[in-house]
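Note sheet for the following structure.
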Amino acid sequence: MTQPAPSSDPVILSRTQAGVRTLTLNRPDKLNAANDALLLTLTAELQAAGQDPAVRVVVVTGAGRGFCAGQDLGDVAGRDMTFTEHLQHTYNPLIRTIRGLDKPVLTAVNGVAAGAGASLALAGDIRLWARSASLIEVFSNIALVPDSGSTWFLPRLVGYHRAFELMALAEKVGAEDALRLGLCEHVFPDETFGEDVQRYAERLAARPLHALALTKRALQAALSSTLDQALDLEAELQQLAGDHWEHEEGVLAFREKRAPDFRRKG
Ligand code: LHQ
């Protein structure tokens, strides 16, 4: 494969505060367009966050005025990989890692999310947008098929017809419309976006993480299962939750009329 050119600036910035690991895509002069180094590093950082007991919630965001402009179009010429190999090597493991991580992943969409960057924005368990953020299923502008999960996420969020229209016309969706369409859960002012995202993530970090990991697993399985299968999986996962110290702590805190402490070690 073509190796990315070495650069002195890290393509992903990592910071941990109060159990929240923030991973920032850091190619701001290109609206954080993705090259292999960015995608492979982001995937590795997510996997490391999944293994790190100090991390309870992961936030993925972008530096500068963009979230992610999708594939770096300057980086595709002369590539000795097919499109299929490229996706299987870089984008698909990234999206699978986010969806498979046993911790909540928030996408904090600070600016434009285009192409595979839009897919990345949609892949978060919870999507927080700045007021000036936008999403474009831009693929058809360069006569490509939406990838990195967009064909899976978008029709589930907005239905087949609206998804097809957004993909066919590559129209920009602003934050208000994104909220209305269910492409994001919250919109925060640009001026306070970083603080608002951190505050939200810390709220989530205080929740029972083992139970949330099981909930993430159950919801994702349910998206492609029958009701019968969902009922069976719920019964199986409820046993794992019920046997965990978090459940004991939750019930005890309820009886003692105090807030549960899910951050303590079991
Ligand atoms: C960029 C990019 C970019 C490089 C902005 N690359 N430089 C998977 C596997 C295999 C192959 C192909 O693709 C995929 C998946 C995909 O993601 S396909 C889709 C690829 N992405 C695009 O087609 C988006 C292209 N960019 C745009 O349409 C616009 O830049 C958007 C709408 C994102 C933002 O527009 P503006 O806010 O007007 O910003 P701008 O266009 O002025 O961009 C700012 C700079 O960023 C500019 O550089 P310059 O040196 O002129 O200031 C752009 O060239 C650069 N940039 N996107 N994807």
Side-chain angles (χ1 to χ4, degrees), residues 1-7 9-13 24-43 46 60-99 107-124 127 129-155 163-178 181 183-184 190 193:
M1 68 174 271
T2 313
Q3 290 300 324
S7 153
D9 288 334
V11 281
I12 301 294
L13 305 173
T24 304
L25 281 59
N26 188 37
R27 303 184 75 216
D29 52 331
K30 291 183 177 228
L31 305 177
N32 305 311
N35 58 14
D36 287 4
L38 181 142
L39 295 165
L40 297 175
T41 307
L42 180 57
T43 304
L46 282 158
V60 176
T61 193
R65 75 174 179 90
F67 173 70
C68 175
Q71 171 62 36
D72 184 335
L73 296 176
D75 198 53
V76 282
R79 179 174 274 277
D80 55 6
M81 265 187 189
T82 64
F83 282 85
T84 304
E85 287 167 347
H86 184 178
L87 287 168
Q88 294 290 20
H89 179 66
T90 53
Y91 290 94
N92 292 357
L94 169 60
I95 301 301
R96 288 188 173 115
T97 298
I98 290 173
R99 300 303 280 191
T107 42
V109 183
N110 54 300
V112 65
S119 309
L120 176 61
L122 295 175
R127 293 82 42 93
W129 279 37
R131 180 127 346 246
S132 66
S134 59
L135 179 143
I136 316 177
E137 291 288 337
V138 76
F139 303 88
S140 62
N141 282 353
I142 53 170
L144 286 181
V145 173
D147 63 27
S148 309
S150 265
T151 64
W152 193 87
F153 294 119
L154 208 57
F164 184 77
E165 186 186 38
L166 287 172
M167 290 167 174
L169 296 180
E171 277 175 345
K172 187 184 272 199
V173 182
E176 286 311 319
D177 284 338
L181 289 168
L183 306 188
C184 67
D190 287 359
F193 187 58

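We count ligands from 1, going down the list as the structure has it; atoms in each ligand are counted the same way.
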Original post:
Quick one: does H89's side chain get under 4.5 Å of L40's, heavy atoms only?
Top reply: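 Counting from C-beta outward, H89 and L40 do come under 4.5 Å.
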Subject >> Test item: T151 and F139 side chains (from C-beta on) under 4.5 Å apart, heavy atoms >> reply: no
Look at ligand 1 and say whether [X] reaches it with a heavy atom at a distance under 4.0 Å.
X    : value
N141 : no
K172 : no
D75  : no

Subject >> Evaluation steps, side-chain contact (heavy atoms from CB on, under 4.5 Å), between D9 and R27 >> reply: CA-CA 8 Å; D9 288 334; R27 303 184 75 216; over 6 Å; no
I want to confirm something. Looking only at heavy atoms, which of [options] is nearest to [atom]?
atom                    : options             : value
atom 4 (C) of ligand 1  : L87, T82, D72       : D72
atom 58 (N) of ligand 1 : R65, Q71, K30       : Q71
atom 23 (O) of ligand 1 : L73, L120, T90, N35 : L73
atom 31 (C) of ligand 1 : V76, L31, L39       : L31

**OP:** Check the pair T61 / L25 against side-chain contact (heavy atoms from CB on, under 4.5 Å), numbers first and verdict last.
**Re:** CA-CA 6 Å; T61 193; L25 281 59; over 6 Å; no
Does the protein place any heavy atom closer than 4.0 Å to [atom]?
atom                    : value
atom 6 (N) of ligand 1  : yes
atom 52 (O) of ligand 1 : no
atom 38 (O) of ligand 1 : no
atom 11 (C) of ligand 1 : yes
atom 29 (C) of ligand 1 : no

Considering only protein heavy atoms, which is closest to [atom], and at what distance to one decimal place?
atom                    : result
atom 24 (C) of ligand 1 : A69 O, 3.5 Å
atom 50 (O) of ligand 1 : D29 O, 5.0 Å
atom 33 (C) of ligand 1 : A114 CB, 3.9 Å
atom 8 (C) of ligand 1  : D147 OD2, 3.2 Å
atom 27 (C) of ligand 1 : V138 CG2, 5.0 Å

Quick check against the 3.5 Å criterion: does [X] have a side-chain atom that pairs as donor or acceptor with the backbone of [Y]?
X    : Y    : result
S140 : M167 : yes
N110 : G62  : yes
N32  : G66  : yes

N/O to N/O below 3.5 Å, does that happen between [X] and ligand 1?
X    : value
I136 : no
V112 : no
A116 : yes

**OP:** Any chance you could lay out the side-chain contact (heavy atoms from CB on, under 4.5 Å) test for L166 and V173, step after step, and finish with the verdict?
**Re:** CA-CA 9 Å; L166 287 172; V173 182; 3.6 Å; yes
Contact atoms of ligand 1, heavy-atom distance to [X] under 4.0 Å:
X    : answer
G70  : 17 (O)
H86  : 9 (C), 10 (C)
L144 : 12 (C), 13 (O)

Original post:
Can you name the one residue among L181, D177, L122 that meets side chain to side chain contact (heavy atoms under 4.5 Å, CB included) with L135?
Top reply: L122
Subject >> Carboxylate-amine/guanidinium contact K30 D75, below 4.0 Å >> reply: no
Original post:
In Å, rounded to the nearest 0.5 Å, how long is the span from CG of L42 to OG1 of T97?
Top reply: 9.0 Å
Original post:
Going from CG on D80 to CD on E85, what distance comes out if it is rounded to the nearest 0.5 angstrom?
Top reply: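 Between atom CG of D80 and atom CD of E85 there are 8.5 Å.
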**OP:** Quick one: do L183 and L154 satisfy side-chain contact (heavy atoms from CB on, under 4.5 Å)? Show the steps, please.
**Re:** CA-CA 8 Å; L183 306 188; L154 208 57; 3.7 Å; yes
